[in-house]
Structure formats: C-alpha cells, structure tokens
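Below is one structure, written out as structure tokens; comments come after it.
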Amino acid sequence: MENVILVRYGEIHLKGLNRPYFERALLDSMERALSGSGAAVMRGEGRYYVSGFAESAEERIIARLRKVFGVHSISRALAVSKEPGEVERAAAAVMRLALRNNENATFKVNARRADKRYPQNSMEIAKELGGYLLKEFSGLKVDVHEPEIEIGVEIRERAYIYAGEELGAGGMPEGTNGRAMLLLSGGIDSPVAGYMLSKRGVAISAVHFHSFPFTGERAKEKVLTLSRLLAEHCGEVRLFVVPFTALQTELASACRDTYITVLMRRMMMRIAERAAEQEGAKALITGEAVGQVASQTLEALFSTNATVSMPVFRPLIGMDKLEIITIAKRIGTFETSTLPYEDCCTLFVPKHPVTKPRIDVLLQEEEKLDYQRFIDEAVDKMELHVFKREGLGL
Ligand code: ATP
Ligand code: MG
C-alpha cells in the first residue's frame, strides 16, 4: 500500500490539439511547486499522481498543490495492486479514517474502471465493495443521493482508493497565457487583480510607484511582501519599483489641483506600458472597480485608458469592495494590504478631485511639463526584485 495524491485537472480537458502542451505545463508547474519535497509527479490517464513523499510532508504538499493553477481537485489515495483482497483492505483503511468523527455515516462507492481488462465493470465493483464495507463497519448506511462519505475506486495501472476530494485553485497552468504587467499598489485591490489574471495562466510582472521620502521604506517593504505572497500562487513575480517622486512633485506644482489624481494615474499607465514593453508583456492589469473612488468613474477610467494602446485588464471592474476583500483574505494578502503605510496616491489627493475629467483639460495640463523626460528617467531608474515561490525544503 502506498500513499499517493491524486490530482485532477479541469479546463485543460477542453483544449483539443493543444492539450499536451497544457498537460506538460501543469506537470512542470507542479514539479516546481514541490521542489525540495522529495515527491515525484507522474502523469496518468487524465490524472497526475504524486508519490514518494514522507507521510509527515503530506499536509504541506497538499496545501501547496491546492495553490497551483490548473489543479481542479485533489484526493489523498491509497494505491494498491488490483487484486480484490488488496482493494478491500485499502478501502477499509480509507473508510476507517473517514469515520473518525462519525461512526454512523452514510456513504456510497463510486467506481471507475479505466483498465477494461479488469473482470468486473464499474457497477459491479461499486456494489461488491459497498457490500464489503457494510459488513466491516456496522454503523454505515448507504445513501446514493447525498452520502456523507464518497469512497472513490479507480482501477487503472494500479487501484486507487480514496474518500472525497478537496478543491484546488482551478484556472490554467502558470505562464500558458503570456505575460501581463500589474500596477501593484499597497492596497487591497491590485494584488487580487493580479491573482485573477495569474489564475488564467498569465505570468505576472508588476510595477509599483514609490515616492520616497513621501512614502517611506515600510510602504515599499509592504509591496515587496505582497509580491512575495502573490508569488506563492503565481510561482514568480517580477516587481519593478519605479521612483515616482520627481514626476509627482512636478505635477503637483505645475498642474491644476483638482486634476492631480487623474494626471498621476495617466503617468502611471504610460510608465507601466513602457515597462511592459521591456518585459514582453502584452497587457496591463489594474485593481480598478467602477465607481469605487473619484478616479474610477467611467470618465476617469476613460481618460487613464486613453494614454496607452495595450489592452488594460480590470478583473475587479464589476465587484463590490466586500467581494474583493473576501478574495484578498482567501489568498492571504488582506492582512498585509491593510497595514497603515501611506501610498503615493494618498499624498497629493486634492480636497475635491474632479470626477468627470475632461480630456481637453488633461491635455492642456500635461502641456505644462515635459513629462516624457520624467517618464524616461523613471523607467531608467526602476529597480527589479524577483520573487519566486519558496521551495518546500522538506
Ligand atoms: P488598490 O487597493 O489596488 O490600491 P485603490 O482602490 O486604492 O486600489 P487607486 O488608488 O485609485 O485605487 O488605484 C487604482 C489602481 O491603480 C490600483 O488598483 C493599482 O492597480 C493602480 N495603482 C494605484 N497606486 C499605485 C502605485 N503606487 N503603484 C502601482 N500601481 C498603483
Ligand atoms: Mg490604492
């Protein structure tokens, strides 16, 4: 009997001719995620099997696999030979564990016979094994509609027996859908926005605009931490910290007060697009949601959007703050995002920011400074930090 973890994938099934590419990418990404754990990942028919790990490492391996994009669900299984006696013994062991907290549970057996040479069909396997378990465990009752315990049996190269499954992160494997540039502030929204694109297989580079000394070291540290936390999901985050003080100060002194925030956002977009080109990224990502703040009215979104030609992805556009917070908590960024260090945007916030900025006014204001020079300088001086998911090192 061997402990293995059975990994199922979701959407890759839809991929037709490209399927081997996605399957390979998922395999690679799981191997990277588990590096240092001693576990081996094997590809089977529509499944992966993780094995060869110490029992004490199982929890951590499962926690890690559940974060890998492309993984639909996971089961802790016992792998045995296809000899019926062995299958029964394994099923009893799995059931004993499943009954730990409730001796009088209801159950059913789901059987799947991938090896068509196996003498019994799925129905027969399920029926026989169900009967065996009923005999072995007196408190058990069958319920085929809403069972508390579902015992899975899969007859493949070996037999795999497990109780239930845990959901994974879903999505598409790391890096299978190109690269995008995330505008990462220290707030709640942008890390969630990055997570959502990353989940679709988009590799993440990020820019953070830092206005030292107006925003301190700790504000920067916070964004480095957020990038590290994101990398636990994405695998890797390449973060560029962009010095923004000179441009921001210039805008504040030269331009109309009520337009400062939108002007700043336009500069951010331009710089982000330049950084994206350097990174081979094909789109920008922001954490904006319609109407959340003055700079996120439709008019304001239109005017920041107008500065770039790359597509801008705003995965949170239709979400409420509470919905975003729920995801931030689930992915582990909320606590860091709510640390109280100033963001550069809060510094020069006017009392009455314009909510319907006019493009002609924006262009007029931008004429007042040689912003291209500031942008070149900021891009020139940005500093790269690379964060990778930590090895398990078990
Ligand atoms: P967040 O919670 O992501 O900070 P927010 O609700 O505070 O968002 P804004 O401050 O208007 O909204 O920022 C809108 C978007 O602009 C952010 O989601 C982020 O993508 C980008 N952004 C804002 N400030 C910065 C910054 N200092 N560096 C990089 N991107 C930023
Ligand atoms: Mg913010």
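Sequence positions, counted from 1, serve as the residue numbers for this chain. Counting convention: from 1, in listed order, for ligands and their atoms alike. Here the structure is a predicted model, which means the values were calculated and not measured.
When heavy-atom distances to ligand 1 are checked against a 4.0 Å cut-off, V293 comes that close only through its side chain, counted from C-beta outward. Contacts between Q296 and ligand 1, counted as non-hydrogen atom pairs separated by less than 4.0 Å, involve the side chain only. The proximity of S295 to ligand 1, defined as any non-hydrogen pair under 4.0 Å, is limited to the side chain. Only the backbone of L184 comes within contact range of ligand 1, with a heavy atom under 4.0 Å; no side-chain atom does.
The shortest N or O to N or O distance between F209 and ligand 1 is below 3.5 Å. Checking only distances, D189 does come within under 3.5 Å of ligand 1, N or O to N or O. At least one N/O-N/O distance between G287 and ligand 1 falls below 3.5 Å. Taking distance alone, with nitrogen or oxygen atoms compared against 3.5 Å, I188 approaches ligand 1 more closely than that limit.
Residue V207 has at least one heavy-atom neighbour below 4.0 Å for each of these atoms of ligand 1: 29 (C). Heavy-atom contacts of T286 reach the following atoms of ligand 1: 20 (O) (cutoff under 4.0 Å). Of all the atoms in ligand 1, the ones that sit under 4.0 Å from a non-hydrogen atom of G187 are 1 (P), 2 (O), 4 (O).
A cation-pi contact, defined as under 6.0 Å to the ring centre and within 45° of the axis, links K329 to F334.
In the hydrophobic clustering, V109 connects to M1, L78, V80, V87, V94, M95, L99, F107, Y118, I125, L129, Y132, L133, L134, F137, L140, V142, V144, I149, I151, V153, I155, I161, either directly or through intervening members, whenever side-chain heavy atoms lie under 4.5 Å apart.
The distance from atom CG of L26 to atom CD of E31, rounded to the nearest 0.5 Å, is 10.0 Å.
Heavy-atom neighbours of R358 CZ from other residues, nucleotides or ligands within 6.0 Å: at or below the threshold of 12.
Take E383 and apply the salt bridge (Lys or Arg N to Asp or Glu O under 4.0 Å) test, not counting sequence neighbours, and it matches K220.
Relative ring orientation between H385 and F387 is described as parallel, the plane-to-plane angle staying below 30° on a 0-90° scale split at 30° and 60°.
Nearest to atom 21 (C) of ligand 1 by heavy atom, out of M268, E288, R265, is R265.
In this structure, R76 pairs ionically with E59, as a charged nitrogen and a carboxylate oxygen lie closer than 4.0 Å.
A side-chain donor-acceptor contact under 3.5 Å links R266 to the backbone of S303.
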